[in-house]
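Here the structure is laid out as structure tokens; the discussion comes afterwards.
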Amino acid sequence: MRSGIVAEFPTVESLENAYEALARAGYTRLTTWTPFPVRKVLKRMPESMVPWIMLAAALIGGGAGYLIQWWCNARSFPINVGGRPLHSAPAFIPITFESAVLASSLVGFFVLLGFCGMPRLHHPVFEIAGFERAMIDRFWIGVDDTDPAYVDQVSEQLAEMGALRCERIARRP
Amino acid sequence: MADVSRRVVLRLFGASAAVAGAEACSRGPQEYIVPYVNQPPEVTPSVATLYATAMTVDGYGMGVLATSHEGRPTKLEGNPEHPASLGALGTIEQGSLWGLYDPKRAQGIRHGENPATWNAIADVLARPAAGGKKTFVLLEPTSAPHLVDLVRRVRARSDVFVGFHTPLDRRNAWEGAKLAFGRVLEPRWDFSRADVVLSLDADFLGAAGTPQAWARAWASRRRIAGPNGAMSRLYVVEPRMSITGSSADERLAVQSRQVTSVAADVVAQVAPRGAARRESPWARWVGALARDLAAHPGASLVVAGDGQPPVVHAMAHALNEALGNVGHTVTYAPSPIFEAGEGSHGIEALAAAIDAGDIGLLVVAGGNPVYAAPADMDLEKRIRSLPASVYLGSHENETARACSYFVPEAHYLESWGDVLAFDGTASIAQPIIRPLVADARTPAQMLAAMLSRREATSHALVEEHWQSAPTGQDFATFWREALVHGIVPGGGTPAIDVRVSWGPVTRAVTAASVSPAPFEIVYFADGKVHGGRFAENEWLQELPDPVTRISWDNAALANDTTARSIAANTGDVVRLEIGGRSVVAPLFVLDGMADGVVALALGYGHEIPDRASTGVGSNAYALRRAKALWADDLQPSAASGTWELARVQEHESMEGRPIVLHKRLDAYRKDPGFARELNETPVTLYELQPPGEHQWGMTIDLNACTGCSACVVACTVENNVPVVGKTGVALGRVMHWLRIDRYAAGEMRGGATVVQPMLCQHCEKAPCEYVCPVNATVHSADGLNEMIYNRCVGTRFCSNNCPYKVRRFNYFQYNRDKPASLRLAMNPDVTVRDRGVMEKCTYCVQRIRQTEIRTRRDQRPIRDGEIQTACQQTCPTGAIVFGDIADKTTRVSAQMANPRVYQVLQDLGTLPRTRYLARIVNPNPELDT
Amino acid sequence: MTAHAEIPAVALPLLREEPTGGEEVLLTDESDLELTDRLLGPLWRQWPWFKYALAITGLGTLVLLLALTYTVLTGIGLWGNNIPVAWAFAIINFVWWIGIGHAGTFISAILYLFEVEWRTSINRFAEAMTLFAVIQAGLFPIFHMGRPWFAYWLIPYPSEMNVWPQFRSALPWDVVAVTTYFTVSLLFWYAGLLPDLAAARDRAPTLWRRRIYGIFALGWRGESWHWKHYRITYLVLAGIATPLVLSVHTNVSFDFAISQLPGWHSTIFPPYFVAGAIYSGFAMVLQLMIPARAVFGLQKIITRNHLDNMAKMLLVTGWVVTYAYIVEPFMAWWGGDTYEMYDMLVDRPLGPYAFVYWSVIFCNCIAVQSLWMKSWRTSPVRLWVVACLVQLGMWSERFMLIVTSLHRDFLPSSWRMYVPSWVDWTILGGTCSFFLFLFLLFLRFVPFIPISEIKEMRHAKSEEHARARFTVGRVEAPAAEVSRA
Amino acid sequence: MEPLFPPWSDTVFRVCLVLAATGVLAMPVAAMLWVRTPYVTKQNDPVDQPVAFDHRHHVRDDGIDCLYCHYEAERSAFAAVPPTSVCMNCHSQVWQTSQRLAPVRASWFDDEPVHWQRVHQLPQFVYFDHSAHLSHGVGCVECHGRIDLMGQVHAVAPLTMSWCLACHRDPTPRLRPTNEITNMEWAPPPGTTRREAGEAVARQLHVDPPVSCTGCHR
């Protein structure tokens with residue numbers, strides 16, 4: 001999120017409750033920052049596209065791997081090697097497989113970074129005092145002010161839910 | 001020197017194959033083209049020219065065709081027109097090329113330690129020796145007509161003795177002839193007409209020094225076309241295992257001293273002229289042999305070896321006469337060697353004369369007498385006692401050190417000469433290259449200098465002899481003809497008719513004693529250093545001995561029994577002692593040696609530092625007294641320590657695998673198709689025959705192959721095969737593309753061994769090819785298994801997957817840091833391989849491709865036999881046949897149809913192009929038990 | 001910053017009292033913060049012995065460098081190789097190292113898929129080990145070439161020679177397999193590291209360290225979307241890494257299996273090699289983990305229970321290779337091929353290299369049987385000794401497969417012995433210290449216990465705690481569900 | 001709280017990463033392009049010779065046939081720069097005193113060969129044979145270009161293996177009647193393409209260039 005209210009919670013449970021409550025209150029643009037994945041939060045989110053992208057990459061990579069071998073040994077420089085056929089399909093399988101794996105894992109990794117908006121060094125939330133505990137033992141939740149259900153009172157609501165503190169992230173010009 | 005820089009154009013520095021490759025990313029170095037100033041008409045760059053010349057081995061002539069690339073002799077092949085060669089050359093004759101380029105060759109004339117001029121030497125030679133003393137000239141036995149002239153003229157000088165010496169003389173044979181015929185004659189054998197051959201310690205198949213014609217003729221009776229063909233039978237009586245012995249059908253291993261009595265027994269049975277018959281351990285063997293001989297009157301042949309005493313030769317002559325062989329399988333003629341048999345003023349005479357104090361100047365022309373002289377003579381001390389001594393030699397060797405003056409000897413490829421073959425056929429030896437050693441001289445020039453003709457060139461000396469000789473035609477024509485053909489027209493000296501005088505023979509027969517000695521030492525000249533003449537020759541030193549497969553050493557050869565009685569085993573150091581003198585040598589246990597016999601090859605154990613020969617093997621001359629080639633008062637004993645022998649083969653058993661197929665003749669006749677199943681094409685899914693017009697293939701007839709190893713040297717020289725030295729061989733990194741495998745075949749009698757030339761089999765479905773990750777070894781359209789050095793990255797997977805292990809790897813940089821002179825010996829048509837590259841036999845693809853280009857240029861087909869691989873070309877017995885197997889009319893196709901043909905490791909389905917003809921042995925059924 | 005307990009001496013902790021069963025090990029009473037700091041501790045703390053250890057292994061690495069340079073400049077004639085034994089130490093070490101490199105991905109990927117939760121404490125460790133082992137392995141195929149400067153010819157690139165690699169050979173397969181394996185392992189490892197690097201970023205004592213870890217953390221913020229994509233990607237990566245692990249050593253085994261050499265061309269090679277690889281891999285994990293847990297006092301994180309499970313893995317894979325050792329000679333005899341029979345039934349057990357064969361049998365088949373005893377499985381010292389024996393055995397096995405098969409093949413005329421040269425030994429030793437060198441750096445600068453995952457497990461367990469007491473290692477631990485969310 | 005990195009650092013960081021990645025990927029590509037540059041293949045790079053020999057003059061003005069000097073080309077692997085004697089055939093009569101010819105005369109009288117710079121350099125392991133090509137209808141111009149228009153000779157062809165292979169695999173468009181070998185301006189008879197003309201030659205001379213490795217590498 002770019003701007004809005006962020007609140008710090010001491011425990012997973014308190015975060016989960018807050019999240020549930022806000023969701024029930026109709027908030028759709030909620031973000032959490034947690035040291036480890038929180039089941040209840042992830043459950044409410046739509047599925048990721050990464051696996052499908054990786055599948056496509058695998059198919060393309062594998063196909064390319066096979067075609068390269070075929071082109072090299074059967075088309076570009078056909079040459080009698082030990083009386084074997086020029087297009088020795090069985091011998092081309094290992095590389096086909098490996099290139100499929102290579103392609104899909106490379107693509108997968110970088111797509112992951114992309115989807116996570118990484119790599120990046122600076123992020124508005126990093127400017128929030130105490131946020132550095134978010135990777136350790138604190139649980140943060142954020143309400144985007146572009147959320148249709150957004151109201152300024154949300155910070156009070158969060159406080160009631162047991163937020164240790166609430167901070168506002170101002171929109172940058 | 002234009003000659004050197006021209007090499008650039010000639011790709012001589014192909015050694016930089018890798019560099020060129022590595023520099024693919026940078027610009028190659030700027031090269032130069034250095035044309036002739038005035039190109040000789042006969043020279044066409046890149047097109048090799050053949051010149052006929054002749055080499056002198058032990059005084060006899062061997063016809064040579066030298067391949068010359070822009071004036072560099074790069075390969076020696078046999079001259080087909082020459083009676084001793086018939087196109088083949090042995091190991092030493094081919095290896096002799098090294099001597100020309102040997103970087104350790106003596107470079108200059110010197111007096112003591114100081115350089116001197118030819119004039120200084122000539123002064124010494126021309127003027128009478130100081131103090132009115134005599135001059136003694138020591139030459140090697142020679143048949144060179146122009147040299148003989150000079151000797152006669154030099155002798156006209158009252159103050160000059162001329163004597164002859166070689167450690168390998170034929171005096172026994174000459175004396176034997178005297179005994180039998182009353183005069184010196186040499187037998188001329190015709191094995192091609194002999195059904196039964198008896199060799200009395202005669203290694204006539206050993207490729208070194210003997211006329212290749214003998215092996216060829218013998219093999220002509222061994223190559224049987226089919227089960228109904230006939231083949232000769234070879235009996236061998238010998239103390240040590242020789243090449244001839246291992247090719248024998250029936251073999252009797254007895255001590256050298258016993259050969260006499262075996263011969264005597266044969267005489268006693270074949271021609272019992274009052275000679276008493278004795279009981280002997282070999283009575284049964286001799287009986288069968290005698291009956292076999294008698295059953296083939298006029299078609300048998302008895303030959304005696306130079307190692308045997310005169311009586312044995314006499315008996316051989318007697319037997320041949322009694323068997324009616326004279327005129328059929330053997331004829332007699334005077335020896336071409338000048339003064340053959342005259343021992344009167346040999347080296348002993350020299351010693352005596354020095355002791356008598358009447359020698360003022362010694363002139364040694366050729367040889368290395370100080371090294372090779374009898375051990376009890378101490379010639380070195382005697383020579384040092386002389387006021388002056390001049391030595392003409394190829395290297396700064398033992399003799400050179402003893403003599404006060406030294407003159408480098410001209411190699412026969414850089415000087416003029418002439419020589420007679422064993423049958424008297426004369427050849428004029430022409431130089432192929434300008435002398436690489438400026439001051440080099442020939443023995444003839446030394447003699448000429450003694451006649452105050454110091455300026456005479458070797459050419460002048462040879463020419464003037466032949467101008468005076470009755471040639472029957474105008475000289476220019478004669479000279480040209482003689483040079484073109486490599487032989488002087490008119491052929492050899494005619495055979496003469498003689499009768500054996502039986503008296504001495506019968507007396508000898510009765511006198512011969514059977515009893516063996518506790519230990520007997522047998523000296524012999526092997527096919528490598530040949531008594532020491534080629535001790536500096538790395539090609540030959542690295543060549544594995546055909547029988548022991550040891551390279552870079554000689555060893556004390558003895559059989560198991562003898563070894564046990566010495567309490568030593570292979571690799572142990574033994575001390576061989578005779579009359580107080582002793583040498584240490586590595587023992588090598590070799591089957592087929594006679595009990596009690598220890599054989600030691602001559603010519604090893606040199607001590608001059610920084611030479612190829614340094615510390616290689618042990619010096620047999622240090623033991624050898626007088627001139628006998630054997631002595632029976634040997635006292636061997638185990639010494640401390642071991643001696644690593646560099647062997648190229650460590651395992652003799654075939655482990656019951658179908659590698660060398662062999663069968664007895666009678667068994668073969670019963671089952672002619674015994675090889676067929678090993679020649680079947682396994683079922684395969686793949687397209688086998690490549691599309692090319694020609695399909696090259698090779699057959700090797702194991703019946704004809706004697707294992708002489710001439711082909712190995714041919715391959716080495718033709719294909720720039722590097723030398724890796726003793727350590728390299730010991731580590732298992734020998735580079736020979738073609739090797740002669742040798743296996744024990746106990747169930748066979750005779751040699752009880754089989755040999756097999758093993759080279760790239762050029763498999764149709766080559767296992768090496770499909771494992772190469774970079775296409776560096778692939779199949780050509782004409783069926784060759786190609787090896788592309790410049791593509792090879794050296795993973796060595798191909799070698800692992802080669803069932804025949806014929807691939808060789810450049811573990812180090814063997815070529816680029818070679819001395820320049822050795823690079824001159826390189827064949828410019830073959831890439832010089834770089835470090836880290838795999839290499840192997842290519843069927844001499846350079847010859848194939850050049851012939852293709854030539855014939856296509858002339859728009860004509862390639863004739864059968866027009867392409868000869870190097871090994872095939874030099875094979876004395878014609879065992880190797882190469883050609884187009886797609887064309888059914890070629891010789892190789894005919895061989896492929898022979899019922900004996902088979903594939904090694906056929907069950908692997910590699911479908912080798914190189915196929916073998918099974919070995920058939922012909923033992924005497926009467927001796928079966 | 002919370003204060004840290006002083007690092008104990010190396011030897012002591014081996015004797016220290018430990019939780020034997022490993023029950024509730026993760027339910028220490030520390031807070032998340034304390035746990036994090038303890039696990040990050042080794043990164044901030046000064047280790048008195050670190051620089052010495054680093055110096056020694058660094059020196060060894062330098063020696064390796066020199067030996068390789070010497071080889072490249074002079075030629076591999078410096079090694080003991082000859083004809084017929086054209087492959088020897090280099091390939092032995094290659095197969096050995098790549099085998100060691102298998103445990104990491106196996107633990108992280110396969111055990112992850114099988115929801116084996118005890119993997120959590122050790123997977124990062126094992127993955128790092130994988131990377132460093134593969135680096136060692138990768139050296140050999142290049143340097144064993146006669147002309148390593150042309151190694152790139154194995155890669156299909158448009159060359160001005162218009163020549164390509166030959167893909168029927170197993171060597172190009174290796175190139176691809178090894179590079180793929182290295183890349184995927186690296187990504188897998190790094191992906192797993194992101195949350196902990198972020199944690200290190202936020203706990204590092206000095207600004208510069210925070211900045212450096214910040215750069216490597218790539219801006220990870222534990223956002224809900226991060227976790228969403230991260231989880232599924234990690235799962236899929238694990239999914240494809242699993243067949244990859246199996247395929248890599250299968251490819252390596254093809255280097256031999258596609259040839260026709262007796263002792264090489266065998267169809268059981270792929271499973272045989274993979275099992276052997278995991279065998280030696282687990283042995284190496286134990287060899288490194290047992291000392292490390294002692295040094296850093298991680299007995300509560302890497303419990304005897306872990307040791308127990310790993311020991312069982314050793315036992316299983318040990319039996320698989322034993323099975324292969326039995327099948328090989330049987331197949332030779334059953335197939336009746338002369339050459340195979342000689343190699344399997346005569347040359348290996350009775351030939352000149354018999355001592356190698358029998359040490360293989362002892363180390364890989366007999367010694368490991370001691371792990372039937374729980375006392376041995378849970379005793380760090382004994383287990384460590386067994387692991388070392390297994391490591392030795394697996395190296396010897398590769399010697400047996402490569403040298404013994406090569407030195408006596410079809411034509412007895414070319415049979416010959418092989419003796420390694422001092423350069424061979426130097427390079428082998430050199431790679432070992434290079435491996436340790438990298439590993440020390442890893443321990444020093446990278447969070448080598450997955451902090452985030454452990455915190456997650458603790459959370460899950462504390463949820464479950466009321467319900468059931470469970471012991472670490474129970475496969476159906478509900479924590480696994482969490483990890484699959 | 002003060003963040004670790006200022007906002008602009010994101011852009012910087014990403015740009016750096018992208019540059020690094022492209023750099024790594026670009027290097028091999030650059031190398032591949034580099035080896036194909038005329039600089040490495042030494043194309044179009046006039047070489048200074050010890051004698052300022054001008055082919056334009058000798059070929060065009062004097063109409064001397066290539067084979068007069070390079071007479072080896074028909075029977076040998078090497079076309080061979082001619083021996084000094086060939087130069088002297090004419091230049092003992094004409095331009096005897098020309099300064100430009102001093103090195104030639106020096107060579108002739110001192111019997112010292114002229115060290116010509118090599119223009120067409122093949123690696124040592126390539127066994128090219130001029131006679132094989134001439135006798136099968138490959139004209140000089142096919143590989144050497146319009147020598148008759150060169151003052152200083154320079155290589156036209158890259159002489160890379162792929163370049164050789166292109167012709168060995170499909171020779172016909174480069175063939176011509178053998179009597180037109182040295183003709184720098186030969187064109188196929190009107191109405192026929194080079195390929196047609198070449199096919200006729202190929203049929204007549206049984207042109208079948210080797211594509212097996214040992215055709216050139218031995």
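As a basis for the values below, the full set of heavy atoms in this structure was taken, side chains included, without hydrogen atoms, waters or symmetry mates. Every chain is numbered from 1 and lettered A, B, ... according to where its sequence line falls, protein lines coming before strand lines.
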Rounded to the nearest 0.5 Å, how far apart are SG of D:Cys213 and CD1 of A:Ile79? 4.0 Å
Please tell me if the side chains of D:Asp10 and A:Pro119 come closer than 4.5 Å, counting only heavy atoms from C-beta onward. no
Here the gap from A:Phe77 atom CZ to D:Ser162 atom OG, rounded to the nearest 0.5 Å, amounts to 10.5 Å
Between A:His122 and D:Ser9, the two heavy atoms sitting closest are CB-OG, 4.1 Å
Counting neighbours of CZ on D:Arg100 that are heavy atoms of other residues, nucleotides or ligands and sit closer than 6.0 Å, is the number greater than 12? no
More than 12 heavy atoms of other residues, nucleotides or ligands under 6.0 Å from CD of D:Gln117: yes or no? yes
Here the pair of heavy atoms bringing D:Pro3 nearest to A:Glu127 is CG-CG, 3.7 Å
So do D:Phe5 and A:His123 actually touch side chain to side chain, heavy atoms under 4.5 Å? no
Separation of D:Leu4 CG from A:Glu132 CD (nearest 0.5 Å): 9.5 Å
